[in-house]
Amino acid sequence: MVQARIGFAISALSGGALALLVGVAAAVAQEPAPEAIVDAMEKVSGTHAGKRRSGAKGVCANGEFVSTGAGTRLTTASPLQPGARVPVTARFSNGGGNPRAPDNAPAVRGLSLAFELPGNDSLEMVMINVPAFTASTLDSFMKLLASRAPDPTTGQPDAQRMAAADRENAEWAVQPNWLRANSPPPSYAAAPFFSVNSFVFQNAAGEKRHVRWTFEPVAGRAVLTPEERAARGADFLQDELRARVAQAPAEWRMMVVLPREGDPLLSATAIWPADREQVEVGVLRITGVAPAGEPGACDPVMYNPLLLPAGIEPSEDPMLPIRAPVYAVSLSRRLQ
Ligand code: HEM
């Protein structure tokens, strides 16, 4: 996994070495180049110094992952073996490039995790609270961004152009439709988080299977009513998490979801039916949240969804490989 290792190296680097590695990442990545993708994202959201080009509003946290051991039949990945207990650093975020994205809008929330594994083993996860991404191919994603870019004459998005593009690209409706029915949550700890992309698990017998995973909130899923949305205002999620975790850990069960024959394995806009078999492989316990106004340990690093341990491989989902190089470009720009 060339790109995964590049992403990992970047987490620990800055300056010239970082720029060099981003160049290498671009060279091994597919078209369009990761720089062009980040340029297109910046056209939609603007640039905000020091901020991520997506998930711009967020808060750092930490805790641990405790394995149930049930994952051992599916994968040799060390954090999912019996008895494994792994420190994690985490970042909760709001989707998009706006660092003031309102918490009371039905938009994407994110959870990124870095498992601190011994030796050379690594596992990072970058998840959202929707079981679907906005687009299933890079071509579709670039068209989506282009349709949302402000008109140069008005400085505003062109509603007619957007509506026409939406009609031609039915898959773009999957994520917003799900969000309208299932969000916004009153707490990050009341949101599920989904891998979205499929990954391939391999067990000790060498058996491979495509899976996805969901982090299911132990507190239960909850959605704000319209009245509650108005009352909460635009900035409550981070303080709510701090107050909650000061009382007791915030917890999620990690469920590995197994597809049935015929389920789409390689499309990030295809949601699998809710009745698919799920294996509870561990619990995530968030025990600390960075204090308000202080940059946390997660600020100057990137989370890389391709940083995987032995026993987990990326699937052939066409959206997956580009994520690491794009995140690296975003990292290099926000560290400048
Ligand atoms: C081609 C597809 C995608 C592109 C181009 C893209 C782009 C980006 C970029 C540029 C960042 C900022 C990275 C940084 O500065 O550290 C980011 C962050 C993020 N992305 Fe994506 N993304 C893609 C797919 C996805 C998918 C499928 C998911 C959901 C599973 C996702 C979830 C997130 C989250 C949660 C963050 C915030 C990460 C953090 O907390 O550090 N992205 N994305």
Side-chain angles (χ1 to χ4, degrees), residues 3 7 10-11 18 22 25 29-45 47-61 88-99 101 107-114 124-145 174-175 178 188 191-199 212-215 266-271 290 296-307 314-315 317-336:
Q3 290 166 358
I10 281 172
S11 305
L18 180 59
V22 171
Q30 48 194 289
E31 292 296 325
E35 283 84 357
I37 299 171
V38 178
D39 289 347
M41 295 174 79
E42 289 177 350
K43 275 203 184 115
V44 177
S45 306
T47 47
H48 303 276
K51 301 293 181 189
R52 285 164 166 80
R53 272 37 176 177
S54 182
K57 181 181 186 181
V59 63
C60 305
V88 296
T89 61
R91 184 170 183 273
F92 293 89
S93 58
N94 291 24
N98 176 6
V108 170
R109 311 281 175 259
L111 170 59
S112 301
L113 299 175
E124 297 192 358
M125 298 176 177
V126 183
M127 303 175 278
I128 51 174
N129 67 331
V130 198
F133 193 58
T134 45
S136 64
T137 64
L138 259 184
D139 184 50
S140 171
F141 186 58
M142 292 300 276
K143 280 190 188 137
L144 173 71
L145 292 173
V174 175
Q175 189 185 80
W178 201 93
Y188 284 121
F193 291 100
F194 302 90
S195 67
V196 180
N197 303 114
S198 305
F199 291 80
R212 294 176 177 177
W213 59 77
T214 307
F215 278 65
L266 306 179
S267 169
T269 53
I271 298 175
C298 69
D299 270 9
V301 302
M302 63 169 261
Y303 292 87
N304 178 354
L306 296 179
L307 206 45
S315 70
D317 182 332
M319 293 299 267
L320 203 38
I322 195 69
R323 290 180 65 189
V326 167
Y327 290 20
V329 170
S330 171
L331 174 69
S332 77
R333 291 187 187 180
R334 65 186 161 84
L335 291 185
Q336 273 165 16

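Order of listing sets the numbers, starting from 1, for every ligand and every atom in it. Remember, it's a predicted structure, so these values are computed and weren't measured experimentally.
Note on atom 21 (Fe) of ligand 1: protein N/O/S atoms under 2.8 Å are Tyr327 OH.
Selection from Gly58, Gly97, Ser112 by nearest heavy atom to atom 38 (C) of ligand 1 gives Ser112. With atom 35 (C) of ligand 1 as the reference point, the heavy atom nearest to it among Met127, Met142, Met302, Met41 is part of Met127.
Electrostatic pairing of Asp39 and Lys43 does not count as a salt bridge here, judged by no charged N lying under 4.0 Å from a carboxylate O.
A heavy-atom distance below 4.5 Å is found between the side chains of Val38 and Val326. When side chains are defined from C-beta on, Ser45 does not count as touching Asn98, because their heavy atoms never get closer than 4.5 Å. Here the side chains of Thr89 and Cys298 are not in contact, with every heavy-atom distance at 4.5 Å or above. At least one side-chain heavy atom of Pro314 sits under 4.5 Å from a side-chain heavy atom of Leu306.
At a heavy-atom cutoff of 4.0 Å, ligand 1 is contacted by no atom of Ala268, backbone or side chain. At a 4.0 Å heavy-atom cut-off, ligand 1 does not touch Val329 at all.
Residue-to-ligand polar distances keep Asn197 apart from ligand 1: every N/O pair is separated by 3.5 Å or more. Between Arg91 and ligand 1, at least one N/O pair is under 3.5 Å apart. Of the polar atoms of Ser195, none of the N or O atoms is found under 3.5 Å from an N or O of ligand 1, judged by distance alone. The N/O atoms of Ser330, backbone and side chain alike, include one that comes under 3.5 Å of an N/O atom in ligand 1.
Taken from CZ in Phe193 to CD1 in Ile128, the straight-line distance is 10.0 Å, to the nearest 0.5 Å.
Listed for the Arg334 side chain is no donor-acceptor partner under 3.5 Å among the backbone atoms of Lys51.
Remark: Phe92 engages Tyr188, Trp252 in a ring-ring contact (aromatic ring centres under 6.0 Å, His included) (not counting sequence neighbours). With sequence neighbours excluded, the residues forming a salt bridge (Lys or Arg N to Asp or Glu O under 4.0 Å) with Arg53 are Glu42, listed by chain and number. Taking the side-chain contact (heavy atoms from CB on, under 4.5 Å) definition, one finds that Thr269 meets it with Ser136, Glu171, Ser267, sequence neighbours left out.
Closest non-hydrogen pair, Val329 versus Ser332, comes out as O-OG, 2.9 Å. Nearest approach of Leu331 to Pro300, heavy atoms of both residues: CD1-O, 3.8 Å.
Near Ile322, the atoms of ligand 1 lying under 4.0 angstrom from a non-hydrogen atom of the residue are 1 (C). Atoms of ligand 1 lying under 4.0 Å from any heavy atom of Phe141, numbered from 1 in the order shown and given with element: 5 (C). Ligand 1 places these atoms under 4.0 Å from at least one heavy atom of Leu331: 15 (O). Close approach to Ile37 involves these atoms of ligand 1, each under 4.0 Å from a residue heavy atom: 5 (C). Each of the following atoms of ligand 1 lies closer than 4.0 Å to a heavy atom of Tyr303: 41 (O).
A side-chain contact (heavy atoms from CB on, under 4.5 Å) with Arg52 is found for exactly one of Met302, Arg91, Arg333, Lys57, namely Arg91.
If you check which protein heavy atom lies closest to atom 3 (C) of ligand 1, you get Phe133 CZ, 3.7 Å. Considering only non-hydrogen protein atoms, atom 41 (O) of ligand 1 sits nearest to Arg52 NE, 2.6 Å. Protein heavy atom closest to atom 16 (O) of ligand 1, with residue, atom name and distance, is Arg334 NH2, 2.7 Å.
Between Phe141 and Phe133, the ring-plane angle classifies as tilted under the 30° and 60° cut-offs.
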